[in-house]
Amino acid sequence: MKRTTLTRFLIEQQRNENVLPAELRLLIETVARACKTISHAIGRGALGEVLGSLDSENVQGEVQKKLDVIANEFILDANEWGGHLAAMASEEMETIYPTPNRYPKGEYLMLFDPIDGSSNIDVDLSVGTIFSVLKASDAVAGRDVTEEDFLQDGRNQVAAGYAIYGPQTLLVLTVGTGVYEFTLDKEVGAWLMTDANMTMPQGKCEFAINMSNRRQWSPGITRYIDERVQGAAGPCGKDYNMRWTASMVADVHRILKRGGVFMYPADNRSENKAKLRLMYEANPMAFLIEQAGGAATNGFIPIMDVEPVGLHQRVGVVLGDKAEVATITEYGKLN
Ligand code: AHG
Ligand code: MN
Ligand code: MN
């Protein structure tokens, strides 16, 4: 079977749909190339001496894995010289990384989570890379980029996607014209389209949540889960299944392919009561899920309408099946 390559897909989006400026195409190709390198490093595992933790912590106070730092470097190195970016920001860096002066400065801003699901690296479970692309405001052309330039709401994203390093390495992407999946042909080194115009199935009875946080949930989330756990005998009248991989990328990918709902709700543990980060986890996933016909909220309003106030801001996340997300939102309002 002759498959469309990522390169061809992007060129056709640029040519036919007129949605993809050349610089953005270059940016996506560069990210995809960096993800190939990350996939290779992950695949080598202990043989490549990339497993395990470092002594360092990132800005969120989390212990950094070797691969968090390696993947962060891969993405910075691949993208800093191409002339398509004004600056980058990542989970692993306290503040922004402006394009060095020795390289031309582009008009885009990229935020990324170099390795999502780090706790799974050392036990050979799926991890991923998440990215979100924004346009820098015109003002940036004549001055230095600042953190504030990144604080745009999710609706401003011009591209978003993730790579998942699982049994296969996949790239799932949107530029606002639907969701497309590419599988890495590791022998040839090419990304080949394996799913197009992805639409997430609705009405599937599967939820993903870390149940160990139950005591910290809001009454709305507790009610939603308790009703589902009661199965066919409970108020839903249906048996539900539960899955939790502890890699948002893997959970979201499953939901895109076979439906269900994913939750990492705000709770009482941390100061701002949530775990996942708005700018490089929640927003890009919300863009993909909405493009695939699902919904993504913080439990109350669409994630992409949440006003960002900080690069590393955390946010509650409820995404996937439209009707289930609506039910959770409704239960939340009754609190
Ligand atoms: P990261 O590895 O980038 O810090 O993200 C991990 C996130 C997310 O991928 C996952 O859904 C969640 O943390 C898992 O959290 P728990 O360990 O609390 O289940
Ligand atoms: Mn993450
Ligand atoms: Mn991470």
Side-chain angles (χ1 to χ4, degrees), residues 31 34-35 38 41-42 50-54 56-76 88-94 110-132 160-166 172 206-217 221 225 242-256 260-270 272-286 288-289 296 298 303 311-320:
V31 173
C35 291
I38 298 170
I42 290 174
V50 294
L51 303 183
S53 299
L54 298 168
S56 53
E57 285 185 354
N58 65 14
V59 60
Q60 354 251 344
E62 299 157 342
V63 174
Q64 287 181 305
K65 297 281 185 180
K66 268 192 204 170
L67 263 168
D68 287 327
V69 174
I70 293 170
N72 194 64
E73 285 299 318
F74 282 169
I75 296 174
L76 293 180
M88 290 179 264
S90 133
E91 181 192 355
E92 304 304 332
M93 302 185 296
E94 185 159 359
M110 181 168 70
L111 296 118
F112 59 94
D113 177 356
I115 298 286
D116 174 66
S118 306
S119 71
N120 283 333
I121 291 172
D122 296 339
V123 291
D124 201 15
L125 293 174
S126 294
V127 295
T129 297
I130 313 173
F131 65 96
S132 160
Y162 58 79
I164 176 166
Y165 315 107
V172 176
E206 199 161 74
F207 65 83
I209 194 164
N210 184 339
M211 291 291 284
S212 68
N213 295 326
R214 188 177 184 282
R215 70 194 175 284
Q216 291 142 336
W217 295 341
I221 296 289
I225 296 296
M242 193 207 85
R243 287 286 182 271
W244 184 253
T245 64
S247 278
M248 188 194 199
V249 164
D251 282 315
V252 168
H253 188 67
R254 185 189 60 252
I255 282 164
L256 267 180
V261 66
F262 168 91
M263 279 158 285
Y264 212 121
D267 63 24
N268 303 321
R269 279 182 308 176
S270 56
N272 54 6
K273 301 183 175 184
K275 173 163 188 186
L276 297 175
R277 277 60 54 119
L278 174 64
M279 302 302 289
Y280 42 81
E281 291 178 320
N283 267 340
M285 292 311 200
L288 289 161
I289 287 284
N298 65 354
I303 281 173
L311 219 45
H312 300 288
Q313 169 179 353
R314 293 171 192 263
V315 69
V317 174
V318 175
L319 62 76

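Heads up: numbering here begins at 1 and tracks the sequence. When a ligand or atom number is given, it counts from 1 through the structure's own listing order. Everything numeric here is computed off the predicted structure, so don't read it as measured data.
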With heavy atoms of Arg277 as the reference, note each atom of ligand 1 found under 4.0 Å away. 1 (P), 3 (O), 4 (O), 5 (O)

Is Met285 touching ligand 1 with its side chain, its backbone, both, or neither, if touching means heavy atoms under 4.0 Å apart? neither

Protein-derived N, O or S atoms sitting under 2.8 Å away from the Mn ion (ligand 3) total 3

Quick check, are the ring centers of Phe207 and Trp244 under 6.0 angstrom apart? no

Quick check: Asn213 and ligand 1, any N/O pair under 3.5 Å apart? no

Against heavy atoms of Ala246, which atoms of ligand 1 measure under 4.0 Å? 9 (O), 10 (C), 14 (C)

Check the pair Thr245, Arg254 against side-chain contact (heavy atoms from CB on, under 4.5 Å), reporting the backbone distance first and the verdict last. CA-CA 10 Å; Thr245 64; Arg254 185 189 60 252; 4.0 Å; yes

Might you point out which heavy atoms bring Val50 and Leu67 nearest each other, and give the distance in Å? O-CG, 3.6 Å

Which of the numbered atoms in ligand 1 are below 4.0 angstrom from a heavy atom of Ile115? 2 (O), 3 (O)

Would you say CG of Asn210 has more than 12 non-hydrogen atoms from neighbouring residues, nucleotides or ligands within 6.0 angstrom? yes

From Ile42 atom CD1 to Ile115 atom CD1, the distance as rounded to the nearest 0.5 Å: 4.0 Å

Over 12 foreign heavy atoms within 6.0 Å of CD, Glu94: no

Check ligand 1 against Met248 and write out every atom of the ligand that is under 4.0 Å from a heavy-atom position of the residue. 8 (C), 9 (O), 10 (C), 11 (O)

Are Val249 and Val172 packed together at the side-chain level, in the sense that at least one heavy-atom pair is separated by less than 4.5 angstrom? no

List ligand 1 atoms under 4.0 Å from Glu91, heavy atoms only on the residue side. 1 (P), 3 (O), 4 (O)

Shortest heavy-atom approach to atom 6 (C) of ligand 1 - which of Ser247, Gly117, Ser119, Ala250: Gly117

Restricting to N, O or S atoms of Glu281, which is nearest to the Mn ion (ligand 2)? OE2

Using a 4.0 Å cut-off to any heavy atom of Ser118, which atoms of ligand 1 qualify? 2 (O)

Return the OH to OG1 distance between Tyr280 and Thr129, rounded to the nearest 0.5 Å. 14.0 Å

Close approach of Thr245 to ligand 1, heavy atoms, under 4.0 angstrom: no

Is it true that the side chains of Asn72 and Ser90 contain a donor and an acceptor less than 3.5 Å apart? yes

In this structure, CD of Glu91 is separated from CG of Asp68 (nearest 0.5 Å) by 6.5 Å

First locate atom CG of Asp251, then atom CZ of Phe262, and finally report the distance between them rounded to the nearest 0.5 Å. 5.5 Å

In terms of atom number and element, which parts of ligand 1 are under 4.0 angstrom from non-hydrogen atoms of Glu281? 3 (O), 5 (O)

I'd like to know whether ligand 1 has Leu276 as a neighbour, heavy-atom separation below 4.0 Å. yes

Any idea which part of Asp116 is under 4.0 Å from ligand 1, heavy-atom wise: side chain, backbone, both or neither? both

N/O to N/O below 3.5 Å, does that happen between Asp251 and ligand 1? no

Spatial distance of atom CG (Asp113) from atom CZ (Phe131) [nearest 0.5 Å]: 12.5 Å

About how many Å separate CD of Glu92 and CD of Gln64, when rounded to the nearest 0.5 Å? 4.5 Å

Using a 4.0 Å cut-off to any heavy atom of Asp113, which atoms of ligand 1 qualify? 3 (O)

Chi angles and distances behind the side-chain contact (heavy atoms from CB on, under 4.5 Å) call for Leu256, Ile289: CA-CA 7 Å; Leu256 267 180; Ile289 287 284; 4.2 Å; yes

